[in-house]
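What follows is a single structure, written as structure tokens, with notes after it.
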Amino acid sequence: MSLHLYDTWTRSLREFTPLKPGAVGLYTCGPTVYNYAHIGNLRTYLFEDGLTRVLRMNGYIVNHVMNITDVGHLVSDGDDGEDKMEAGSRRTGETAWTIAALYTEAFRADLKSLNIVEPTTWCKATDHIAEQIAFIQAIEKKGYTYVTSDGVYFDTAKQASYGHLGRLDIAGLQGGARVDLGEKRNATDYALWKFSKPEDKRQMEWDAPWGRGFPGWHIECSAMAHKYLGEYFDIHCGGEDHITVHHTNEISQSEAAYDSRLSNFWMHGYFLLTNDAKMSKSAGEFLRVKLLVDKGYDPIAYRYLCLTAHYRSQLNFNWEALDAAQTALDRLRQNVHSLGAPGPTPNAGYVTKFIDKLNDDLNFPQALALAFEVSKSDLPNAEKKATLLKFDEALGLGFANWAPKTVDVPANVQAVADARWVAKNAKDWAEADRLRGELTALGWAMKDGKDGFTVTPL
RNA sequence: GGCGGGUUAGCAAAGAGGUUAUGCAGCGGAUUGCAAAUCCGUUUAGAGCGGUUCGAUUCCGCUACCCGCCUCCA
């Protein structure tokens, strides 16, 4: 089947056809680099990585743009909280610029550890201040802005189309508003430009026609997506939380400036839950890839775990599930490795079936199940291997480069093992068992094979 | 308060109106001097109540519970 993707804009599955034949313009909302990414954040990037891999498998050239938010993202409460970068700076004593560089590098290392293909273009908000100011001016020219004592705001009441993506019920919103409006005219109005307060002594601030300050959060994505992908491109992605506010406002800005809803498809990855609650940076558990590694897991096991659930379902993380993923991954890799050299062509029937599953809105759980079916099938080894390597172009589990870990065996351990092998072959079971005990005491396990043995640390 | 999603076996999690999801764990067997690994087989399902249907875990309704967004957020 041809590629079908779920579009949040229409709330339905739609056939994907690129706006320009053969090429796909993709924008994915990147991290705010004020802290490390947790594995919940990374689930969304894994979903987007799966998407780009499937697009490429369908033969498209993907122009993937991801932003780095290094300014303007406020800590709390609507539009009057503290800037996250400045807060991070105060917390650590480093400059805001150093913080941004540090966490950007950490983020890229996390992506790499999960075998996520990097975007073709990275763009930083602070490198595009001029574009953002120009974008705000375009919106201003159309008459959608107003100025308060603390910034320039978008007047959402003037935009009849506002809120379609999130299916916002504006009246209902106002009834339950939890945030003080301040000088904002409407609950849904949002900041385009914020003025520096003299007492804040900001490290990141710029001159603009309305006054010295910094850009609002939503404007960076609209401005940079516009710059790198044009007024209307194929797919825009982010986490499910972006549906009602961030993406709604990106669309709002773009419709105001140049009458475009920015992207043909809007896709959203759903949250990772821990203990049946959202994992968040501001509260509760904060699991980083580093913690998984410290606990002895391969980061790819986390990737595997994410593949077992559909991107539009929330995934409930627990350690038992990660254990299961690690074990399954190890066995699958070992199996693929043991198949030897791949043949020239994968099995066409299985590949078609595989792509069909992925083309049905990225059904990775079923695609993965198919990988197990192939692994257990009676295809010749070379063809089986070629097929599974082909699958891995989408799965990204790194089959091609994986090999069992080789360990250096200390000479004394090797000597005991050799002695036990001799005893075993002489059917001297008492001696063989005694030497096995000796190896255990040394911290090593010995596994007998048909023609030899292996020793591994316990 | 408004809007949206969910409830599947021990755990995680899919599809499909009637035919084994899958993985991990468990259990049984083969193999092994014993182990380990591997292979084969296999037990546990679909919140409750009602409706539609020859047939529903799958469609519809109600109830209960859970989660997300509406506020920084992946």
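Here is the naming used below: chain letters follow the sequence lines, and residue numbers restart at 1 for every chain.
- Among the heavy atoms of the strands, none lies under 4.0 Å from A:Phe317.
- Test A:His218, A:His268, A:His236 against A:His246 for ring pair (Phe, Tyr, Trp, His ring centres under 6.0 Å) and you get one pass: A:His218.
- Looking at A:Thr188, A:Asn249, A:Thr248 one by one, the single match for side chain to side chain donor-acceptor pair (under 3.5 Å) with A:Thr156 turns out to be A:Thr188.
- Stem list for RNA chain B (at least 3 consecutive Watson-Crick or G-U pairs, distances under 3.5 Å): B:1-7 with B:64-70, B:10-12 with B:22-24, B:26-30 with B:38-42, B:47-51 with B:59-63.
- In A:Asn425, the CG atom is crowded: over 12 heavy atoms of neighbouring residues, nucleotides or ligands sit closer than 6.0 Å.
- Here A:Lys427 lies out of heavy-atom contact (under 4.0 Å) with every strand.
- Considering only side-chain N and O atoms, A:Lys376 lies under 4.0 angstrom from the phosphate OP1 or OP2 of B:G23.
- Under the rule for a ring pair (Phe, Tyr, Trp, His ring centres under 6.0 Å), the partners of A:His337 that lie at least two apart in sequence or sit in another chain are A:Trp402.
- Nucleic acid contact for A:Ser313: sugar-phosphate only, since backbone atoms but no base atoms lie under 4.0 Å from a heavy atom of the residue.
- The aromatic rings of A:Trp319 and A:Phe317 sit perpendicular to each other, their planes meeting at more than 60°, with 30° as the lower class boundary.
- Remark: A:Asn318 is in phosphate contact with B:A12, judged by side-chain N or O atoms under 4.0 Å from OP1 or OP2.
- Rounded to the nearest Å, the gap between the P atom of B:U19 and that of B:G46 is 15 Å.
- Within 4.0 Å of A:His268, counting heavy atoms only, lies no atom of the nucleic acid at all.
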message = Set out, in order, the CA-CA distance, both residues' side-chain angles and the distance that settles ring-ring contact (aromatic ring centres under 6.0 Å, His included) for A:Phe265 and A:Phe16, then state yes or no.
response = CA-CA 8 Å; A:Phe265 279 75; A:Phe16 178 78; 5.4 Å; yes
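- In this model, the phosphate group of B:A25 is approached by a side-chain N or O of A:Arg331 to a distance below 4.0 Å at OP1 or OP2.
- Distance check on atom C1': B:A9 versus B:G4 gives 28 Å, rounded to whole Å.
- A:Gln326 and A:Gly296 make their closest contact through OE1-O, 4.5 Å (heavy atoms, listed as atom of the first residue, atom of the second, distance).
- Contacts between residues 366-374 of chain A and RNA chain B, defined by a heavy-atom separation below 4.0 Å, involve A:Gln366, A:Ala369, A:Phe372, listed by number.
- Checked by atom type and distance alone, the side chain of A:Asp428 pairs as donor or acceptor with a backbone atom of A:Glu431 at under 3.5 Å.
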